[in-house]
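Below is one structure, written out as structure tokens, with a few remarks after it.
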Amino acid sequence: MHDLQCESLVKRFGAYTAVNSVSFNVPRGSFFSILGPSGCGKTTLMRMIAGFEAPSSGDIRIKGKSVLSTPPNKRPVKMVFQHLALFPMMNVGENIAYGLRCRGENKADIGGKVARVLDRVGLPGTEHKQVSQLSGGQKQRIAIARCMVLEPDVLLLDEPLGALDLKLRERMKIELKQLQHQFETTFLYITHDQSEALLMSDNVAVMNAGQFEQIGSPQELYNNPKTGFVAGFVGDSNRWSGRVVSLSEGKVRVAIDGGGEVTALAGDNRIAAGGSVEVFVRPEAISIGGGRDEVLGGTVESLLFNGASSRILVRMDNGHLVEVGQAVMDGSVTVSPGEKVQICWSQLHGRAFTTAR
Amino acid sequence: MHDLQCESLVKRFGAYTAVNSVSFNVPRGSFFSILGPSGCGKTTLMRMIAGFEAPSSGDIRIKGKSVLSTPPNKRPVKMVFQHLALFPMMNVGENIAYGLRCRGENKADIGGKVARVLDRVGLPGTEHKQVSQLSGGQKQRIAIARCMVLEPDVLLLDEPLGALDLKLRERMKIELKQLQHQFETTFLYITHDQSEALLMSDNVAVMNAGQFEQIGSPQELYNNPKTGFVAGFVGDSNRWSGRVVSLSEGKVRVAIDGGGEVTALAGDNRIAAGGSVEVFVRPEAISIGGGRDEVLGGTVESLLFNGASSRILVRMDNGHLVEVGQAVMDGSVTVSPGEKVQICWSQLHGRAFTTAR
Amino acid sequence: MNVAAPQSPFLQWLYRGYMLAFLAYLAAPLFAAGMFAFNDSMFPALPWNGFTLDWFFSSTEPKIGMFHDRRLLRGLENSLYIGVLVSALAVAAGTCNAFLFERKQFPGKNVFYILMIVPLVIPGVILGISILVFASMIANGLEETFGIEWDFLRPGLFLVILGQFSFLTTITSLVIAARLRKFDISLEEAALNLGATRLRVLMTVTLPYLMPALFSAFVVAFLVSFENFNTTLMLVGSDAPLTITMYDRMVKVGSTPVLNAVSFFLMVGSGMLALLSVVVQKKDEPAT
Amino acid sequence: ETLRLLTWGGYAPDNVIKLFEEANPDITVEVTLSNNEEMIAKLRATGGAGYDLAQPSHDRIFAAQKEYNIYKPLDLSKVGAASLDANLLEGVKANATIDGELYAVPHQWGTSGIVADISKAPNVKGWGDLCNPEYKGRTSMRLRRTILLGTAFGLGKDPFALYADKAAYQKMLDEVTDTLIACKDNVKTYWNGGDDLSTLLLSGEVVVSEAWDSTAFKLYGQNKNLVYVPPETGALAWIDTFVLPRKSEADEAAYKWINFVMKPEIVKLMSDSTGAIAAVKNGIDLLPDDKKAAVKAAFDDKDLANLKFFANIPAGLEDMEGKALERIKAATSN
Amino acid sequence: MARTDVGKLSFILLFAPFALWIALLIILPQLGIGYISLREKVGPGEYTFGFSNYVAFLSEPIYWNTLLRTAWMSILVTAMALAVGFPVAYYIAKIAQRRSRAALFLMCLIPLWVSDLVRAFGWIVILRETGLVSSLLQKIGLVSGPVELLYNDATVVMGLVYTVVLFMIVPLVSTLDGMDNSLIEAGYNLGGSRLTVFRRIVVPYAMPGIVAGCIIVFMLTAGSYLTPILLGGKNSMWFTEQIYEQFVTRYNWESGATFGVLLLVFTSFVVWLGLRLTGQSLASTVAKD
Ligand SMILES: Nc1ncnc2c1ncn2[C@@H]1O[C@H](COP(=O)(O)OP(=O)(O)OP(=O)(O)O)[C@@H](O)[C@H]1O
Ligand SMILES: Nc1ncnc2c1ncn2[C@@H]1O[C@H](COP(=O)(O)OP(=O)(O)OP(=O)(O)O)[C@@H](O)[C@H]1O
Ligand SMILES: [Mg+2]
Ligand SMILES: [Mg+2]
């Protein structure tokens with residue numbers, strides 16, 4: 001059973017198409033993320049689901065029923081806004097009670113429900129605090145509590161961590177996931193930060209220029225991207241453009257612009273000999289030294305130390321700069337800038353996609 | 001030869017000591033970072049160097065000459081401000097020319113110099129653009145160009161990447177480092193983001209509550225933290241508090257609060273039997289299964305997939321939550337949530353520090 | 001260190017001296033006007049004849065105190081009446097304008113916006129005479145062609161209110177629009193999303209948010225209305241507000257310290273009002 | 001019922017109003033202070049509405065009524081005409097009768113002349129002394145038509161005689177204007193109201209000034225050196241009248257007020273406040289004692305016989321006078 | 001769709017009061033005085049149309065001299081208000097501590113709380129020949145006789161500056177307040193001297209506030225009535241006084257309306273010129289705060 005279904009949703013602003021034929025289903029109780037760069041139409045999509053924008057065409061169904069003609073204040077979806085939109089003129093308790101009072105529940109019930117939901121988000125007894133007295137992470141939780149107290153079918157979250165600072169964001173990622181487990185509600189989460197999407201979601205849709213490029217589990221997206229955009233956007237990648245030399249059994253031989261040839265898996269089926277492609281190889285798939293299928297020569301340009309995710313920058317002989325992942329933990333660094341090295345990786349870790357026009 | 005030397009710098013605001021006896025030397029042409037949490041006094045320190053605050057005591061020397069009595073507009077240090085402080089009422093060319101005109105250089109020279117520096121930061125021909133027409137990264141580069149055209153002895157940068165978004169920040173890190181190479185100027189860089197500091201710097205000073213905790217190369221800080229603060233702040237770490245059971249030959253046996261005992265290297269020399277300590281172990285040093293010095297039991301709570309830096313969350317039997325690094329590349333996941341597992345790491349990767357009061 | 005401030009102690013001292021001198025300049029005439037309210041003399045001038053409160057409370061000739069001076073009290077009453085009414089109207093209209101220009105998109109918006117600001121830069125006298133002339137034209141026209149008499153189009157309270165309303169509305173619109181601009185529209189969306197009707201959103205979220213601005217717009221409008229002279233002078237009928245009464249008294253009868261007493265009373269009164277509005281704004285600030 | 005008076009400062013003193021309201025408990029009195037020009041301007045703007053009783057001077061009725069139709073005829077029978085000074089009533093009748101209807105009755109009269117501090121300026125005699133360099137920077141005047149007329153008399157002309165001949169009047173005005181512009185240096189400032197004048201004289205800032213006799217009499221009470229001097233060419237006399245605005249709404253109350261203030265005991269109070277002489281029989285005798293003394297000190301019978309009553313201004317002349325005044329005001333001196 | 005109907009209705013409801021206000025109280029009355037100003041009086045109650053009122057204005061040097069004098073003094077007052085007010089606004093926005101800032105700002109607004117009349121009244125009490133200053137000067141023996149400080153143009157200018165300086169300070173404070181101190185710091189850091197930073201950074205940044213303040217001050221000054229009348233001497237003539245004279249003393253609505261139109265056109269022209277020269281627009285300056 002699906003809590004939320006969107007079918008060929010389209011939204012045009014004048015001549016500009018912000019959301020272009022988007023379809024997806026969100027199963028009950030799952031955590032679904034939409035990941036895409038700024039301006040790709042994520043917020044517009046979410047606003048259509050919440051009812052703040054009317055779709056140009058397509059349908060939105062919640063628990064199987066179309067909600068197109070339901071006004072925004074009647075839809076069983078609640079939304080956590082990017083800047084939270086907590087009401088500054090009410091205290092915490094009033095903020096949470098707001099929806100219940102709109103619904104006309106009686107006073108006594110409301111008090112109990114507010115207390116219970118505050119308990120569940122780990123902030124018991126804060127009813128009388130002012131919103132301005134809360135820390136960023138606490139505000140976050142109040143915003144979620146305000147929606148969850150209404151027991152929505154779907155909770156929409158629009159980049160809710162965007163305003164928090166680095167360390168807090170790391171912590172809240174884990175906390176959000178745990179809250180979703182606790183409430184067992186369907187979450188639809190919007191973000192442009194791939195690590196948020198990967199970390200928390202059961203399923204992720206990668207969105208670009210108004211369209212969905214791929215829907216899948218985080219692992220699928222990371223390990224089996226279906227388009228060049230997904231390969232480049234999800235996780236770090238080295239990217240070289242080149243031209244197809246030959247193609248056989250799903251493997252492509254690519255002549256990289258500037259010199260050198262590599263073999264990679266064909267990522268899509270529009271690849272043809274002579275066509276221009278981009279080859280993606282993740283830094284952590286590459287190592288220094290020889291011994292694997294693909295080997296290229298270059299010079300170490302600099303060492304980017306960053307603890308567990310350190311990198312070596314290698315200027316290849318064809319002029320491209322390559323990031324090479326470095327397993328640091330035990331290995332003290334064995335190369336130094338200026339040194340001539342060879343880098344290598346397995347064919348299976350290279351992936352070629354037709355260049356998007 | 002040192003471009004910048006600070007000696008026992010102190011700055012008091014009333015009773016509050018914002019910078020407390022800080023001394024450091026920055027060698028010519030190097031990239032020096034000051035890393036510390038918000039409010040630790042980084043900006044205050046930098047403002048003293050730029051001349052916007054007078055130190056309460058201590059000395060600042062640039063190229064060996066004390067600049068304490070030099071007014072801010074005569075000091076040979078230029079500064080890139082956190083929000084860049086590009087002049088909104090001037091266009092790009094005028095912004096860059098401002099310093100030259102203050103110096104009274106003649107018109108013809110100025111034009112040439114501006115064009116040349118714009119070339120070097122990769123934005124040739126943008127003289128007539130308005131500041132508001134630039135993207136975040138471009139503004140960044142203009143702010144640097146505006147300083148570099150004056151050929152300062154030292155360039156100060158106060159969290160210059162703070163306002164940029166994630167992907168752009170990643171790119172600018174590498175670009176900044178390259179610009180520094182190109183200009184061969186001494187950079188003094190302030191940040192609260194450890195990855196920025198580690199990635200770009202030749203040397204990093206970790207600052208806390210107005211004092212320097214440790215100065216060293218990124219590798220030194222990461223692999224050999226001298227204090228608990230540095231161990232916790234630089235890179236991710238699991239952190240358990242406990243009590244010293246025994247101490248011998250630089251190794252400490254610690255009874256962890258909640259249960260379990262581990263052995264770790266003694267991080268400082270104030271550790272004594274019975275004292276309370278914190279033990280730090282990095283996630284990537286821990287693995288699932290047995291076989292190494294230190295073994296603890298627990299239950300897998302969830303798998304946090306995040307590409308190359310995925311983690312496994314394990315709830316240990318003593319109730320602590322442990323992040324375990326997961327080598328993903330080849331290994332498909334072998335554990336699943338709810339499974340009982342053992343986690344292990346080498347004694348050499350654990351480090352104990354006296355708990356700060 | 002504040003780089004914006006002068007650094008040398010001498011200059012700092014000089015600057016502070018300038019500020020003091022400026023404040024003295026501001027206070028001087030008010031002080032002088034207020035001081036003579038307490039002079040036990042028939043003229044608001046030196047010499048100082050000793051302290052008295054007669055000019056406030058005395059009920060006997062020749063020193064009729066302001067609280068026993070019927071005409072001044074009458075003027076005060078008129079001023080309050082006009083002030084409250086016109087401020088309420090201007091705040092209401094200003095709120096509409098704020099919503100119109102902050103929330104609606106419509107062709108010619110920029111031109112209309114300029115039109116909204118224009119009353120602020122039309123001299124008050126001209127607003128006064130133009131409204132007087134226009135109202136008289138209508139009234140005369142009606143009288144001559146239809147024999148209808150619309151007396152409220154003749155100088156009097158109604159025209160005074162219209163005249164003050166015409167420029168106060170610009171002020172209130174700007175004050176309220178400035179606040180509305182800062183309003184995060186997602187607050188309204190959040191309320192809708194939580195199930196509130198549009199009316200309820202307006203009453204529970206938007207208007208409470210605007211409240212401080214509505215209040216300070218009201219206070220500003222009231223103060224400006226209270227002290228307005230140029231526009232009112234042209235439109236006033238027999239119900240003169242206080243400023244006009246005082247002016248008439250001063251040029252046509254002669255000033256006694258009772259006028260100083262009224263001035264003093266006004267200073268204290270409007271001072272309190274202004275303080276109150278500041279306090280209201282202050283209290284609200286951290287929450288936004 | 002409300003009686004809305006449009007009148008001069010001092011013409012509706014609080015004590016008189018109180019007495020009136022006690023006598024007529026159903027009437028409350030509301031006063032708007034004004035002067036000749038404003039009264040007419042206001043009534044014009046309101047089309048004669050908004051007030052129930054107005055008090056312009058006798059020379060300001062005819063032309064204003066012709067042009068703007070702002071007054072309505074008055075019923076002399078409702079006014080105790082018998083108590084009025086017959087001369088003044090005749091004068092007003094002559095000036096304010098249009099198409100056989102009478103529009104005004106006299107109320108108070110007074111003169112414009114000169115006040116001087118005799119301790120410092122003992123020899124003041126006529127209008128010309130305002131421009132006497134002996135008192136440089138110590139004289140004052142009110143820049144209105146009175147000073148034009150006064151100066152004209154001072155120059156030996158008779159402006160009222162020239163009313164019929166516009167060109168001649170203009171010529172005379174030009175001469176007067178030149179005189180007054182030349183005189184500007186001598187003048188400390190132009191006063192606007194009685195208060196201005198009092199303060200200037202009492203403080204000693206000014207020693208010779210054009211003045212209303214009423215103000216001068218009040219000043220005499222304060223300082224015996226401040227004496228009213230009727231100019232040797234004759235003081236200019238005005239009569240303030242009662243008129244009914246065209247759309248007045250409380251005529252009965254208005255007549256009650258008119259009759260009330262003509263009562264001898266009220267006349268005394270009124271004259272005390274205005275300083276002017278009531279237009280009733282033996283008006284001077286009904287002045288309060290101090291004022292009476294001041295009048296006696298100022299006027300002898302010769303002066304009284306030499307009064308120059310303002311005549312009705314023909315249309316158009318007022319414009320010429322206005323221009324002349326503006327020219328004087330705008331001229332620069334140092 | 002239902003939603004757009006609601007939108008349309010609410011638009012109409014919001015637009016109606018605005019339209020009524022602007023049309024009935026601003027535009028039509030202005031057209032009204034325009035119309036009256038074109039009316040020529042030929043006799044009692046008889047009128048024809050023409051430009052004779054304007055011709056009369058132009059042919060009478062008194063009138064246009066007064067207009068020019070008013071304009072010139074208004075510009076002087078504006079310049080002085082800027083000179084006096086800028087340091088004050090700068091102090092409030094940039095130098096004063098957070099706490100004293102509000103208090104200072106409030107103190108600067110004090111004169112706004114009382115009417116022009118009271119303020120002018122206060123100045124008269126202080127400045128007249130027998131007033132406070134004169135007495136004080138005599139007492140401390142600085143002058144031998146009483147000094148007259150009233151009734152001259154300098155006093156008028158001072159009094160006008162007093163009444164309008166606040167309208168200069170308020171917009172200045174609000175723009176300067178929005179200026180990040182780091183712009184000033186950057187100015188110094190790049191080698192600018194105090195003067196350079198002020199001239200090239202502070203002033204250009206504050207330009208919208210300066211222009212807004214100048215416009216409001218100029219209009220207020222040109223349209224003021226009481227202060228020039230009460231403080232001005234025998235030579236002072238203010239254009240609003242002319243208008244008042246025409247309307248009230250001379251009952252000449254036609255030429256009064258003409259003067260009104262001329263004042264409006266003239267001041268609008270000055271404002272337009274000011275905006276033009278500084279490259280600002282009305283909406284971006286006056287309406288900013
Ligand atoms: N009301 C509107 N009218 C016209 N264009 C709009 C409107 N709302 C959004 N757009 C355009 O639609 C595109 C998608 O906007 P949207 O806000 O959905 O992006 P987003 O993916 O949420 O971006 P971000 O991550 O920056 O929030 C943008 O190019 C935006 O300019
Ligand atoms: N002018 C001042 N007066 C009083 N206290 C000050 C002043 N400037 C800074 N401080 C205090 O000094 C401490 C250090 O401030 P500083 O701005 O140097 O921190 P920071 O390390 O730059 O922080 P962040 O990363 O947030 O920019 C803070 O607690 C701050 O409140
Ligand atoms: Mg968005
Ligand atoms: Mg800082």
Side-chain angles (χ1 to χ4, degrees), chain A residues 37-38 162 165-167 169-170 173-174 177-178 181 191-201 204 217-223 232-237 282-287 301-311 313 321 323 325 327-330 332-333 337 345-346 348-349, chain B residues 37-38 162 165-170 173-174 177-178 181 191-201 204 217-223 233-237 282-287 301-311 313 321 323 325 327-330 332-333 337 345-346 348-349:
Chain A
S38 182
D165 73 31
L166 272 172
K167 290 251 157 185
R169 185 146 45 177
E170 293 299 324
K173 281 181 206 170
I174 298 177
K177 177 77 185 165
Q178 286 172 337
H181 267 302
T191 181
H192 64 255
D193 178 347
Q194 41 118 351
S195 89
E196 286 175 20
L198 295 179
L199 215 62
M200 297 190 279
S201 319
V204 179
S217 71
Q219 285 87 344
E220 263 170 55
L221 293 177
Y222 194 82
N223 296 320
F233 196 75
V234 178
D236 292 343
S237 258
R282 297 204 182 276
E284 68 265 25
I286 308 179
S287 56
E301 180 141 324
S302 58
L303 306 173
L304 301 176
F305 181 80
N306 189 16
S309 45
S310 297
R311 298 283 159 85
L313 278 188
L321 208 54
E323 289 193 24
V328 265
M329 220 41 244
D330 307 298
S332 47
V333 196
W345 67 93
S346 146
L348 297 174
H349 288 145
Chain B
S38 183
D165 73 30
L166 273 172
K167 288 253 154 180
L168 186 56
R169 187 147 43 178
E170 293 299 326
K173 281 181 206 171
I174 298 178
K177 177 76 184 166
Q178 286 172 337
H181 267 304
T191 181
H192 63 258
D193 178 346
Q194 40 119 350
S195 88
E196 285 174 20
L198 294 180
L199 214 64
M200 297 189 278
S201 319
V204 179
S217 71
Q219 285 85 344
E220 263 170 52
L221 294 178
Y222 194 83
N223 297 321
F233 197 76
V234 179
D236 291 343
S237 258
R282 300 206 181 274
E284 70 265 23
I286 308 180
S287 53
E301 181 142 321
S302 59
L303 306 173
L304 301 176
F305 181 80
N306 189 15
S309 46
S310 297
R311 297 283 160 84
L313 279 189
L321 207 55
E323 290 191 24
V328 265
M329 220 41 244
D330 306 297
S332 46
V333 195
W345 67 93
S346 145
L348 298 175
H349 289 144

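Throughout, protein chains are lettered first and strands after them, A, B, ... in sequence-line order, and every chain is numbered starting at 1.
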Can you list the steps and then say if B:Q178 with A:L321 is a side chain to side chain contact (heavy atoms under 4.5 Å, CB included)? CA-CA 12 Å; B:Q178 286 172 337; A:L321 208 54; 3.8 Å; yes

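- With a 4.5 Å cut-off on non-hydrogen atoms, B:L221 does not touch chain A at all.
- With values rounded to the nearest 0.5 angstrom, B:F305 atom CZ is found 10.5 Å from A:E220 atom CD.
- Counting heavy atoms from C-beta outward, A:I174 and B:E323 have side chains that approach closer than 4.5 Å.
- If you take OG on B:S302 and CE on A:M200, they are separated by 12.0 Å, rounding to the nearest 0.5 Å.
- A:L198 has its side chain out of reach of B:L304: every pair of non-hydrogen atoms, C-beta onward, lies at least 4.5 Å apart.
- For A:L313, the part lying under 4.5 angstrom from a heavy atom of chain B is the side chain only.
- Contacts between B:E170 and chain A at a heavy-atom distance below 4.5 Å are absent for every atom of the residue.
- A:N306 CG to B:Q194 CD: the interatomic distance, rounded to the nearest 0.5 Å, is 6.5 Å.
- Using a 4.5 Å cut-off between heavy atoms, B:E196 does not touch chain A at all.
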